[in-house]
Amino acid sequence: MRFNGSIPGVTGLHLVDGVALLRPEEQVFAAMLTGFANQQLARNLARTTVEGRENTVKAFAAYVIAYPWLWTPAMIDEWLGDLRSLRDLKRSTIRSYSEAVRAFCHFITDPLYEWTATCEERFGTHPVQVVHEWNTAVHVQDNEADAKKRAFTKAELHAFFAHCDDEVARIRAFGRKGWLPAFRDATLFKTAYAYGTRRNETRMLDAADFGRNPHGGEFGQYGRCQVRFGKAKKGSPPKRRGVLTVFEWTPDVLDEWFTEVRPLFGTDNNPAAWPSERGLRIGCQRLNSRFIAYRKALGLDDGLDFHSFRRSYVTHLIEDGWDPRFVQEQVGHEHASTTSLYTCVSSDFRTRTLRRHLDSTIAAALQTQPGRQA
């Protein structure tokens with residue numbers, strides 16, 4: 001071998017020259033996957049990303065029933081086509097699958113790692129790149145979410161939160177223990193809207209993540225929320241950001257929860273803001289089921305989901321005249337264009353904005369007419 005094993009994923013790290021393999025195809029493929037994982041870990045990619053890509057490569061290999069040195073572009077075409085037509089996967093999911101296979105093929109065809117030479121020697125052929133621009137989807141949109149997804153109107157949001165509170169009162173009136181998790185979920189939903197946080201960002205909050213804002217003393221102990229598990233770029237660790245409290249009702253909601261209700265869960269050694277009855281913190285599935293149950297009870301359409309709290313936060317702040325750059329910083333968007341995609345301003349807001357600008361234009365034109373004073 002020309003390399004001494006210092007490069008992550010080099011063939012020499014996994015296959016010994018001159019040693020006969022009992023199951024050469026399986027063992028070479030397994031060694032490729034191990035080398036691929038090492039290469040990605042050396043790039044400091046998250047383990048979840050590495051594992052996800054490995055599972056995707058294995059799924060593709062199982063579908064085409066062929067090893068990487070026998071793959072062709074036609075195979076990836078058929079696989080992605082079936083995923084799209086039969087399983088109706090989202091565009092973003094299809095693209096992530098194709099990118100995983102592309103990255104793997106780039107690794108095994110790179111001469112630095114010697115897999116092409118190894119395959120030529122052992123199997124008389126070599127792997128090629130099967131994922132190209134002409135047979136995969138290109139990421140051309142900042143937001144590929146379902147077009148029907150939307151923000152709450154202010155009336156809908158008020159009705160939703162009122163229903164949350166009514167459910168707590170109803171369950172408690174019957175003397176059932178379920179009022180505690182209902183209270184927790186109601187507070188969690190309000191917090192997601194109050195800080196414009198995503199579902200996992202909200203779920204992963206700890207009690208210690210809330211603190212004072214020296215420039216917003218009126219909010220007391222709840223002037224700021226530290227988000228520690230923000231959405232990360234592919235393969236990177238979670239992003240962190242501080243979100244300032246903007247709604248005057250937020251401290252009262254949080255104070256009641258943390259001082260009166262949360263202790264009833266027996267959380268002496270649990271740092272989670274939203275503890276589970278059986279574990280450290282509440283799970284995503286429980287949040288989804290509660291949200292859907294309330295949405296159906298109110299007769300709201302399925303264009304509303306948990307992420308609608310975040311859409312609503314952006315929309316309502318923009319409608320109320322908050323500076324767009326402030327809103328962008330609050331929700332942790334790198335680009336203003338991304339924030340604009342979250343803004344679902346109401347027709348009433350647009351009508352008032354249009355009318356205001358038209359009136360100012362007319363007033364300015366009248367001021368410039370002859371005989372009128374400037």
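It should be emphasised that the depicted structure is a prediction, and the values quoted were computed from it without experimental measurement.
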Given 3.5 Å as the limit, does a donor-acceptor pair link the side chain of [X] with the main chain of [Y], or not?
{"X": "Arg310", "Y": "Gly196", "result": "yes"}
{"X": "Ser308", "Y": "Arg150", "result": "yes"}
{"X": "Arg262", "Y": "Ala272", "result": "yes"}
{"X": "Trp71", "Y": "Ile76", "result": "no"}

### Task
Applying side chain to side chain contact (heavy atoms under 4.5 Å, CB included), run through Leu317 and Phe247 and close with a yes or a no.
CA-CA 10 Å; Leu317 288 186; Phe247 300 127; 4.1 Å; yes
[X] side chain near [Y] side chain, heavy-atom distance below 4.5 Å:
{"X": "Asp185", "Y": "Glu167", "result": "no"}
{"X": "Pro127", "Y": "Thr116", "result": "yes"}
{"X": "Leu304", "Y": "Phe160", "result": "no"}
{"X": "Leu287", "Y": "Trp274", "result": "no"}
{"X": "Val130", "Y": "Met75", "result": "no"}
{"X": "Phe104", "Y": "Phe60", "result": "no"}
{"X": "Glu54", "Y": "Gln40", "result": "no"}
{"X": "Phe306", "Y": "Cys284", "result": "no"}

### Task
Evaluate the side chain to side chain contact (heavy atoms under 4.5 Å, CB included) criterion for residues Arg325 and Gln328: first the C-alpha distance (whole Å), next the side-chain angles of each, then the deciding distance (0.1 Å), finally the verdict.
CA-CA 5 Å; Arg325 180 54 189 268; Gln328 178 186 342; 3.6 Å; yes
Mind checking the [atom1]-[atom2] spacing from [X] to [Y]? Nearest 0.5 Å is all I need.
{"X": "Arg295", "Y": "His163", "atom1": "CZ", "atom2": "NE2", "value": "12.5 Å"}
{"X": "Leu80", "Y": "Arg95", "atom1": "CG", "atom2": "CZ", "value": "12.0 Å"}
{"X": "Thr191", "Y": "Arg184", "atom1": "OG1", "atom2": "CZ", "value": "12.5 Å"}
{"X": "Arg203", "Y": "Leu188", "atom1": "CZ", "atom2": "CG", "value": "10.0 Å"}
{"X": "Tyr193", "Y": "Thr250", "atom1": "OH", "atom2": "OG1", "value": "9.0 Å"}
{"X": "Asp110", "Y": "Cys105", "atom1": "CG", "atom2": "SG", "value": "12.5 Å"}

Is [X] salt-bridged to [Y], cutoff N-O under 4.0 Å?
{"X": "Arg286", "Y": "Glu277", "result": "yes"}
{"X": "Asp301", "Y": "Lys148", "result": "no"}
{"X": "Asp305", "Y": "Arg311", "result": "yes"}

[X] atom [atom1]: more than 12 heavy-atom contacts under 6.0 Å:
{"X": "His106", "atom1": "NE2", "value": "no"}
{"X": "Ile65", "atom1": "CD1", "value": "no"}
{"X": "Arg170", "atom1": "CZ", "value": "yes"}

### Query
Will you find, in the side chains of Tyr63 and Asp82, an N or O donor that is under 3.5 Å from an N or O acceptor?
yes
### Query
Can you find a side-chain donor-acceptor pair between Gln330 and Tyr313 that sits under 3.5 Å?
yes
### Query
Is Phe265 reachable from Leu280 through a run of hydrophobic residues whose side-chain heavy atoms are each under 4.5 Å from the next?
no
#### Entry: Hydrophobic cluster identity match, Tyr294 and Ile292, side-chain contacts under 4.5 Å
no
Can you name the closest pair of heavy atoms from [X] and [Y] and give their distance?
{"X": "Val101", "Y": "Gln129", "value": "O-OE1, 4.5 Å"}
{"X": "Thr202", "Y": "Ala192", "value": "OG1-CB, 3.8 Å"}
{"X": "Ala151", "Y": "Glu156", "value": "O-OE1, 4.3 Å"}
{"X": "Thr153", "Y": "His316", "value": "C-NE2, 4.1 Å"}
{"X": "Met32", "Y": "Cys119", "value": "CE-SG, 3.5 Å"}
{"X": "Phe107", "Y": "Gly35", "value": "CZ-C, 3.4 Å"}

### Message
I want to know whether Trp115 and Tyr113 have ring centres closer than 6.0 Å.
### Response
no
#### Entry: From CA spacing to verdict: side chain to side chain contact (heavy atoms under 4.5 Å, CB included), Val50, Phe36
CA-CA 9 Å; Val50 176; Phe36 182 47; over 6 Å; no
### Query
Using the ring of each side chain (for Trp, its six-membered ring), is Trp69 parallel, tilted or perpendicular to Tyr67, with breaks at 30° and 60°?
parallel
### Message
Check the orientation of Phe161 and Phe309. Use parallel for under 30°, tilted for 30 to 60°, and perpendicular for over 60°.
### Response
parallel
Would you give me the side-chain donor-acceptor pairs under 3.5 Å for residues 217-230, sequence neighbours excluded?
{"from": "Arg224", "atom 1": "NH1", "to": "Gln226", "atom 2": "OE1", "distance (Å)": "2.9"}
{"from": "Arg228", "atom 1": "NE", "to": "Asp209", "atom 2": "OD1", "distance (Å)": "2.9"}
{"from": "Arg228", "atom 1": "NE", "to": "Asp209", "atom 2": "OD2", "distance (Å)": "3.0"}
{"from": "Arg228", "atom 1": "NH2", "to": "Met204", "atom 2": "O", "distance (Å)": "3.0"}
{"from": "Arg228", "atom 1": "NH2", "to": "Asp206", "atom 2": "OD2", "distance (Å)": "3.1"}
{"from": "Arg228", "atom 1": "NH2", "to": "Asp209", "atom 2": "OD2", "distance (Å)": "3.2"}

### Task
Kindly determine whether Asp165 and Lys190 satisfy salt bridge (charged side-chain N to carboxylate O under 4.0 Å, His left out), including the steps that lead there.
CA-CA 11 Å; Asp165 295 338; Lys190 294 171 186 177; 2.8 Å; yes
### Message
Determine whether Tyr97 and Leu89 satisfy the following criterion, side chain to side chain contact (heavy atoms under 4.5 Å, CB included), listing intermediate values before the conclusion.
### Response
CA-CA 11 Å; Tyr97 284 1; Leu89 297 183; 3.7 Å; yes
